[in-house]
Amino acid sequence: MDRYAIILAAGKGTRMKSSTYKVLHPVLGKPMISHIIANLNDLQLKEKIVVVSEDAFEVRELLKDEVEFVVQKEQLGTGHAVKMAKSLLENKKGVTLVLCGDTPLITSNTLKMLLEKHINSNADATILTTRYTNPFGYGRIVRDSNGDVIRIVEEKDATNEERMIKEINTGTYCFNNQVLFTALEEINNNNQQNEYYLTDVIKIIRNNDGKVSAFITDDIEETIGINDRIALEKANQILRKRINENLMKNGVSIIDSNTTYISSDTFIGQDTVIYPGTILMGCNKIGKNCHIGPYTEIENSQIGDDVKIKHSVISDSIIGNNTKVGPFARFRNHVIIGDNVNIGNFVEVKNSTMGSNSKAAHLSYIGDSEIGNNVNLGCGVITVNYNGKEKNKTIIKDNAFIGCNSNLIAPVTIEDNAYIAAGSTINQNVPKDSLAIARSKQVNKIGYAKKYQK
Ligand code: UD1
Ligand code: CA
């Protein structure tokens, strides 16, 4: 049976009080909608259709390679939103999964079980439900005396008695595709919110002798709908815990899970220890036996095995094995560092490569540079990469030794085995095996200080 999905993401998100499009609000650094699309990936769907409003340019840009879009010009309700996909799906046979763009924590495993229940019970509609002790705000599942689902009632339309129902609609459903689009023709907006509710198709399908079923999940945390920033915070905490526990189960030590935020696209090898205050966002691959943190941010980077990084901020970088970084180092804009390197206290590296066994242990700026193997940059070495108009490149070849507090004015090349005297300001290339001294000569005026004091 062919499978399709419709993801509703056109809502105004008024309760977020934000100029950011609702489904783009990130949960652990990744937009809500991207979590949903990622979770759909192993469900063998033939088509994924996202319903968006007219101004959803950023959503389109983000998902352009993964889904199709339909526009809902006016936000007249969830039922109206699903109808926007009609021209694409109404003639197709199969199962259609409908999800809300604001429920990013539902796992693919739960979705698989929902689909399975739907197919095995031969239903026309299967609702993913759960039970909340405080169901406020959610649609309630109304069942008859046999326990069969007869309809869903929204909070605002519910009687006091219906509000006592703890079983809620998670906003996720499976439908027989053709039954869904036929039922949608019958919905109206005679309700408290004057909206065309998708939830009304349940009673319509029942009335037309269709079969409605429900799959109740016990994992109430998965089903949280993010309508405001309080729920957004909650979702961040739930996902943080889920990801961290998963990593721990796979052999990663996390000293303080409460202060460790790791994205769903970060892979970490066995026996790596993550210290408190560490934030790993975007897509990262971190090797085995590393010590990361405390207080370290890493984004979109690859870290080798046996690496130690303390109190540092690293983005868009590749770091080799057995390298030490920090405390207080910063890497940004494409940094590639080899094995056994030491980048120490207060060193910034930008758009540069550094070979293996090299060192910049203290207080340096390395920008737009190509540094070889076994190079030593003394304390305070600066690559002067910017002349006020453009950026220029510094090349330092293997085994060079750059004395403390030297300025290397780019473009400049320091050849293999060259030696630069401390305090030099270098603006000419330095040949192989040579010593460059570019500072004024010292003069000692004997006894002058004593005379001066008088
Ligand atoms: C909806 C359900 C409710 C359920 C809850 C679960 C309805 C009527 N109610 O309520 O039963 O318990 O989700 O979280 O369906 N959207 C559109 N176009 C619209 C309106 C909404 O695309 O015109 C999208 C929103 O972007 C959102 C989703 O549909 O992703 C749900 O809409 P929302 O307004 O958040 O519905 P809830 O009030 O949470
Ligand atoms: Ca919602």
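For clarity, every value in this text was computed on a predicted model and none was experimentally measured. Each ligand, and each atom within it, is numbered from 1 in the order the structure gives. Just so it is clear, the values below take in all heavy atoms, side chains as well, and ignore hydrogens, waters and symmetry mates.
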key: From CA spacing to verdict: side chain to side chain contact (heavy atoms under 4.5 Å, CB included), M16, H25   = CA-CA 9 Å; M16 293 298 281; H25 279 271; 3.6 Å; yes
task = Verify the distance criterion only: is there a donor paired with an acceptor across the side chains of N373 and N357 at less than 3.5 Å?
result =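 Judged by distance alone, the side chains do not pair up.
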query = In terms of side-chain heavy atoms, does Y275 have a donor or acceptor partner in T260 at a distance below 3.5 Å?
reply = no
request  = Among T182, T96, D2, find the one that has a side-chain hydrogen bond (donor to acceptor under 3.5 Å, both in side chains) with N177.
outcome  = T96
inquiry  = So, at under 3.0 Å, which protein N, O or S atoms would a careful student list around the Ca ion (ligand 2)?
reply    = D102 OD2, N227 OD1
inquiry  = So which atom in M354 and which in A360 form the shortest heavy-atom distance, rounded to 0.1 Å?
reply    = CE-CB, 4.2 Å
ask   = Can you list, by chain and residue number, every protein residue with a non-hydrogen atom closer than 4.0 Å to ligand 1?
value = L8, A9, A10, G11, R15, K22, Q72, Q75, L76, G77, T78, A81, C100, G101, D102, Y138, G139, E154, N169, T170, G171, Y197, T199, N227
request  = Measure centre to centre between the rings of F346 and H362, then say whether the value is under 6.0 Å.
outcome  = no
inquiry  = Tell me whether the NZ or CZ atom of K391 lies within the 45° cone about the ring axis of Y386 and under 6.0 Å from its centre.
reply    = yes
inquiry  = Donor-acceptor pair, distance only, cut-off 3.5 Å: does the side chain of S18 make one with the backbone of T20?
reply    =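 Yes, the answer is positive, given that a donor and an acceptor are paired below the 3.5 Å cut-off.
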inquiry  = Is there a side-chain contact between Y365 and V347 in this structure, where contact means two heavy atoms from C-beta onward sitting under 4.5 Å apart?
reply    =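 A side-chain contact under 4.5 Å is absent here.
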